[in-house]
Student: 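Below is one structure. I have some questions about it.
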Amino acid sequence: MSYTGPDFDPPQPEHAGRPGRPRRWPAVAGVALVSGALLGWLVYEATASSDAPSGGAAVASASSGSPSASGAGRSPHSSRSAAPSASASGPAGGDGKGAGSDGPAASGPLKGKVVVIDPGHNPGNFQHTAEINRQVDIGTDRKECDTTGTSTNAGYPEARFTLDVAHRLRALLEQQGATVKLTHDNGSPAWGPCVNERARIGNEAHADAAISVHADGSAPGNRGFHVILPAAVHSGSADTRPIAAASKELGAMIAGSFVRVTDEPPSNYLGGGTGLVTREDLGGLNLSTVPKVFIECGNMRDGTDAARLTSGDWRQKAAEGISEGIVSFLRAS
């Protein structure tokens, strides 16, 4: 995420002495996972991805457990190959675009379920700064419409990463029979949508689950993923009380499968090691009337995480980890 704009203020590292940015928003509350799935990763060892920048990436040995008993020992995907078939999600090292579109697969266990995927930011936002800087209602306040997002130090933009993962995720969910809608795709719209519009798209689709895909832009040394849950907000036009509990369940299932499939550890600077944080300042969550979470898949400003985020093979794993959590949630609902 970018650190200027509506939904993307800088996180405050939890470790004393760890480099970070000044605190500019209230401390987030860590939420414990309902099971010990995230306690299974034990040691890190260096590895290098075939299409990642040189330097390698630390890999965590993940537990085979999952936060949800309903999803334990049951993978909705037949394989976690590093190079999935083109028919599933395109070449692993490509842009993740497959044949999928906003529509259902012919059949599958998720037939009748609707999932909305919100790729964070938009590659065109850089050319529309006046539009994305205008104020919109986020339920509890007014903030900018959208932001440009962050990037790796080498210039790989978050907006490109989020679209790539979204395309891969869409293909996986459609294989399970789900109807999948993206908030934006293929340059349409040319910028945004605004954060309130992103929430509205999920609401009007009557989504059974919605997820906003991001990558963080924190200080080097801060690494790992975290899933952001909506607080139980009841203020102004925001009322997340009806969806807070379901969103927490969705987030816990995604966190458990993400750490297991990707070997990416939970954030070492937010969430107290659980991979979960709760926020009440995000318009995309505050205005949602359907179960919804954000995921920060890693920190683009950290060299170890950046090597993963720029790898097509790892982005496929990220999509699979998110998909498995969503599938477990929808099967249990």
Student: Which heavy atom in Asp305 sits nearest to a heavy atom in Asn299, and how many Å separate them?
Tutor: OD2-N, 2.9 Å
Student: Can you tell me which residue among Leu270, Leu285, Val293 is in a side-chain contact (heavy atoms from CB on, under 4.5 Å) with Ile228?
Tutor: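 With Ile228 as partner, side-chain contact (heavy atoms from CB on, under 4.5 Å) holds for just one option, Leu285.
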Student: Would you please classify the geometry between the Trp314 ring and the Phe161 ring as parallel, tilted or perpendicular, with 30° and 60° separating the classes?
Tutor: parallel
Student: Flag the pair Phe294 / Arg279 as yes when at least one side-chain heavy-atom distance between them is below 4.5 Å, and no otherwise.
Tutor: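 No. Closest side-chain heavy atoms not under 4.5 Å.
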Student: Go through His184 and Leu163 one step at a time and tell me if the side-chain contact (heavy atoms from CB on, under 4.5 Å) criterion holds.
Tutor: CA-CA 9 Å; His184 67 94; Leu163 269 174; 4.0 Å; yes
Student: Should Ser333 and Lys113 count as side-chain neighbours, where that means a heavy-atom distance under 4.5 Å?
Tutor: yes
Student: Do the side chains of Val327 and Leu182 join up, straight or via other hydrophobic residues, at under 4.5 Å, putting them in one cluster?
Tutor: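 Yes: a chain of side-chain contacts under 4.5 Å links Val327 to Leu182.
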Student: Taking the side chain as every heavy atom from C-beta outward, state whether Leu250 and Lys292 have any atom pair closer than 4.5 Å.
Tutor: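 Leu250 vs Lys292: side chains apart.
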Student: Under the criterion side-chain contact (heavy atoms from CB on, under 4.5 Å), I'd like the reasoning laid out for Asn196 against Ile138: C-alpha separation, chi angles, the key distance, then a yes or no.
Tutor: CA-CA 6 Å; Asn196 56 344; Ile138 66 160; over 6 Å; no
Student: May I ask you to decide if Leu110's main-chain N or O and Gln176's side chain share a donor-acceptor pair within less than 3.5 Å?
Tutor: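 No: the side chain of Gln176 does not pair with the backbone of Leu110.
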Student: Could you verify whether a donor N or O on one side chain and an acceptor N or O on the other, from Tyr269 and Asp302, lie under 3.5 Å apart?
Tutor: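 No, because no side-chain N or O of Tyr269 sits under 3.5 Å from a partner of the opposite role on Asp302.
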Student: Within this structure, what is the CD1-NE2 distance for the pair Ile295 and His226, rounded to the nearest 0.5 Å?
Tutor: 9.5 Å
Student: Search all heavy atoms of Phe225 against all heavy atoms of Ala255 and return the closest pair with its distance.
Tutor: CZ-O, 3.6 Å
Student: Okay, side chain of Asp141, backbone of Gly283: is any donor-acceptor separation there less than 3.5 Å?
Tutor: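 Between the backbone of Gly283 and the side chain of Asp141 there is no qualifying donor-acceptor contact (under 3.5 Å).
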Student: Rounded to the nearest 0.5 Å, what separates atom SG in Cys297 from atom CD in Glu158?
Tutor: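 Interatomic distance, Cys297 SG to Glu158 CD, rounded to 0.5 Å: 9.5 Å.
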Student: What's the verdict on side-chain contact (heavy atoms from CB on, under 4.5 Å) for Asn122 and Ile132, showing C-alpha distance, side-chain angles and the deciding distance?
Tutor: CA-CA 10 Å; Asn122 185 319; Ile132 67 171; over 6 Å; no
Student: For the pair Ser257 (side chain) and Gly321 (backbone), establish whether a donor and an acceptor sit closer than 3.5 Å, ignoring hydrogens and angles.
Tutor: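 Side chain of Ser257 to backbone of Gly321: a pair is present.
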Student: Do the side chain of Arg315 and the main chain of Thr310 share a donor and acceptor less than 3.5 angstrom apart?
Tutor: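 The answer is yes, because a donor-acceptor pair under 3.5 Å joins these two groups.
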Student: Is it the case that the side chain of Thr262 and the backbone of Phe258 share a donor-acceptor pair, with hydrogens and angles ignored and the cut-off at 3.5 Å?
Tutor: yes
Student: Stepwise, does the side-chain contact (heavy atoms from CB on, under 4.5 Å) test hold for Asp281 with Thr140?
Tutor: CA-CA 7 Å; Asp281 62 325; Thr140 56; 5.9 Å; no
Student: Just verifying a value: how many Å separate Leu282 CG and Ser288 OG, rounded to the nearest 0.5 Å?
Tutor: 11.5 Å
Student: So do Ser151 and Arg301 actually touch side chain to side chain, heavy atoms under 4.5 Å?
Tutor: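 Side-chain contact under 4.5 Å: yes.
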Student: Say whether, by atom type as modelled, one donor and one acceptor occur between the side chain of Ser267 and the main chain of Gly271 under 3.5 angstrom.
Tutor: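 No; zero donor-acceptor contacts below 3.5 Å.
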Student: Taking Leu173 as the starting point, is it possible to reach Met253 by hopping between hydrophobic residues whose side chains are less than 4.5 Å apart?
Tutor: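 Met253 clusters together with Leu173.
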Student: Restricting to non-hydrogen atoms, name the atom on Ala215 and the atom on Met300 that form the minimum distance, rounded to 0.1 Å.
Tutor: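 The pair with the smallest heavy-atom distance is CB-CG, 3.5 Å.
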Student: Closest approach of Pro109 and Arg331, non-hydrogen atoms and distance?
Tutor: CG-NH2, 3.8 Å
Student: Grab the two heavy atoms, one from Gly251 and one from Leu229, that are nearest each other, plus how far apart they are.
Tutor: CA-CD2, 3.8 Å
Student: So, do Ile211 and Leu169 sit near enough that their side-chain heavy atoms are less than 4.5 Å apart?
Tutor: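 Ile211 vs Leu169: side chains touch.
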Student: Output a table of donor-acceptor pairs, distance under 3.5 Å, between side-chain atoms of residues 198-210 and any protein atom two or more places apart or on a different chain; print 'none' if there are none.
Tutor:
unit_1: Arg198; atom_1: NE; unit_2: Pro193; atom_2: O; d: 2.8
unit_1: Arg198; atom_1: NH1; unit_2: Asp118; atom_2: OD1; d: 2.6
unit_1: Arg198; atom_1: NH1; unit_2: Pro119; atom_2: O; d: 2.9
unit_1: Arg198; atom_1: NH2; unit_2: His121; atom_2: O; d: 3.0
unit_1: Arg198; atom_1: NH2; unit_2: Asp146; atom_2: OD2; d: 2.8
unit_1: Arg198; atom_1: NH2; unit_2: Gly192; atom_2: O; d: 3.2
unit_1: Arg198; atom_1: NH2; unit_2: Pro193; atom_2: O; d: 3.4
unit_1: Arg200; atom_1: NE; unit_2: Glu197; atom_2: OE1; d: 2.7
unit_1: Arg200; atom_1: NE; unit_2: Glu197; atom_2: OE2; d: 3.4
unit_1: Arg200; atom_1: NH1; unit_2: Glu204; atom_2: OE1; d: 2.3
unit_1: Arg200; atom_1: NH1; unit_2: Glu204; atom_2: OE2; d: 2.6
unit_1: Arg200; atom_1: NH2; unit_2: Glu197; atom_2: OE1; d: 3.2
unit_1: Arg200; atom_1: NH2; unit_2: Glu197; atom_2: OE2; d: 2.3
unit_1: Asn203; atom_1: OD1; unit_2: Thr289; atom_2: N; d: 2.8
unit_1: Asn203; atom_1: OD1; unit_2: Thr289; atom_2: OG1; d: 3.0
unit_1: Asn203; atom_1: ND2; unit_2: Ala199; atom_2: O; d: 3.4
unit_1: Asn203; atom_1: ND2; unit_2: Leu287; atom_2: O; d: 3.0
unit_1: Asp208; atom_1: OD2; unit_2: Val114; atom_2: N; d: 2.8

Student: Say whether, by atom type as modelled, one donor and one acceptor occur between the side chain of Thr162 and the main chain of His214 under 3.5 angstrom.
Tutor: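 Answer holds: no.
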Student: In the single-linkage hydrophobic clustering (I, L, V, M, F, W, Y; side-chain heavy atoms under 4.5 Å), do Ile243 and Val227 co-cluster?
Tutor: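 No, no single cluster joins them.
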Student: Which heavy-atom pair separates Val136 from Glu144 by the least distance, and what is that distance?
Tutor: CG2-O, 4.1 Å
Student: Indicate, with yes or no, if Val180 and Val116 share a hydrophobic cluster defined by side-chain heavy-atom contacts under 4.5 Å among Ile, Leu, Val, Met, Phe, Trp and Tyr.
Tutor: no
Student: Strictly below 4.0 Å, N to O, side chains only: are Arg168 and Asp164 in salt-bridge contact?
Tutor: yes
Student: Hey, are the side chains of Thr150 and Asp216 touching, using non-hydrogen atoms and a 4.5 Å cut-off?
Tutor: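 Sidechains of Asp216 and Thr150: no contact.
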